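Just so it is clear, the structure is predicted and the values come from calculations on it, not from any experiment. Numbering starts at 1 and runs along the sequence shown.
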Amino acid sequence: MTLSLTVTDSADPADVEAIGRELTAFNDADVGPSGRRPVVVLVRDEAGALKAGVSGYTAWGWLYVQWLFVAPDLRGQQMAAKMLTAAEDEARRRGCHGAFIDTFNPAAETAYRRQGYEIFGELPDFPPGRRRLFLQKTL
């Protein structure tokens, strides 16, 4: 059998989907189905414009907050805490026992720690001059 190895920044979406499908099948067989479901929290103004939001998912009893955004005019008003609480409440309804998130923003770190998250890992100089923190919380 002759194999080829390709490195690209523009993969066919079907190939990327196949990677995910194959990994999911392997993990399902190894540790059982993840039960992965998206969790999205949206904050809109009276005109319907998106002003803040959380995007993540629940799987294997954990909430992962992948993205959290707050528009500049809403920062400093506990919006991150309100959205995290909503996502955590939904995760609990789904039977989750923990949550995790990562950041390299010092202000976000402060907000997450105030919400009860604790650091469990760190990558120095990611990005250069900062540190990427991984935080978790028991739900």
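Using a 4.5 Å heavy-atom cutoff, the side chains of T85 and Q115 are in contact. Looking at W60 and N27, their side chains come closer than 4.5 Å, going by heavy atoms from C-beta outward. Using a 4.5 Å heavy-atom cutoff, the side chains of V70 and Q77 are not in contact. At a threshold of 4.5 Å between non-hydrogen side-chain atoms, the residues V40 and V54 do not count as touching. Here the side chains of K137 and I101 are not in contact, with every heavy-atom distance at 4.5 Å or above. Within the 4.5 Å cutoff, side-chain heavy atoms of M79 are placed close to those of V43.
Rounding to the nearest 0.5 Å gives a distance of 13.0 Å between CD of E118 and CG of L133.
Between F134 and E122 the shortest heavy-atom distance is CD1-N, 4.2 Å. Scanning all heavy atoms of the two residues, the minimum distance from F100 to Y64 falls at CE1-CD1, 3.2 Å. Considering every non-hydrogen atom in both P106 and R130, the closest pair reads CD-NH1, 3.4 Å.
Annotation: F26, atom CZ; neighbour count of heavy atoms from other residues, nucleotides and ligands within 6.0 Å does not exceed 12. Around the CD atom of E17, the shell of radius 6.0 Å holds no more than 12 heavy atoms that belong to other residues, nucleotides or ligands.
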* Give the intermediate values and the outcome of side-chain contact (heavy atoms from CB on, under 4.5 Å) for residues D73 and K51. => CA-CA 9 Å; D73 60 323; K51 301 297 285 184; 3.0 Å; yes
* To do: Show your working on side-chain contact (heavy atoms from CB on, under 4.5 Å) between V65 and L63 and close with a plain yes or no.
  => CA-CA 6 Å; V65 177; L63 165 66; 4.1 Å; yes
* Does the side-chain contact (heavy atoms from CB on, under 4.5 Å) test come out yes or no for L42 and R44, once each step is laid out? -> CA-CA 6 Å; L42 304 170; R44 297 185 184 278; 3.9 Å; yes
* To do: Would you please test V41 and E90 for side-chain contact (heavy atoms from CB on, under 4.5 Å) and show each step?
  => CA-CA 10 Å; V41 178; E90 177 60 21; over 6 Å; no
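Between the side chains of D102 and Y112, no donor-acceptor pair of N or O atoms lies under 3.5 Å. Judged purely by distance below 3.5 Å, without hydrogens or angles, the side chains of R37 and T58 never pair a donor atom with an acceptor atom.
Judged by distance alone, the side chain of R131 and the main-chain N or O of L123 form no donor-acceptor pair under 3.5 Å.
Ion pairing between a basic and an acidic side chain is recognised when a charged N comes within 4.0 Å of a carboxylate O; E109 and R114 show no such pairing. Under a 4.0 Å N-O distance rule, the pair D125/R132 does not qualify as a salt bridge.
If you chain together hydrophobic residues whose side chains sit under 4.5 Å apart, L74 and W67 never meet in one group. Following chains of ILVMFWY side-chain contacts shorter than 4.5 Å, one can reach L84 starting from I119, so the two form part of one hydrophobic cluster.
Using the six-membered ring where Trp is involved, H97 and W62 have ring planes that are perpendicular, over 60° apart on the 30 and 60° scheme.
For the pair R36 and Y57, the cation-pi test (distance below 6.0 Å, angle within 45°) is passed.
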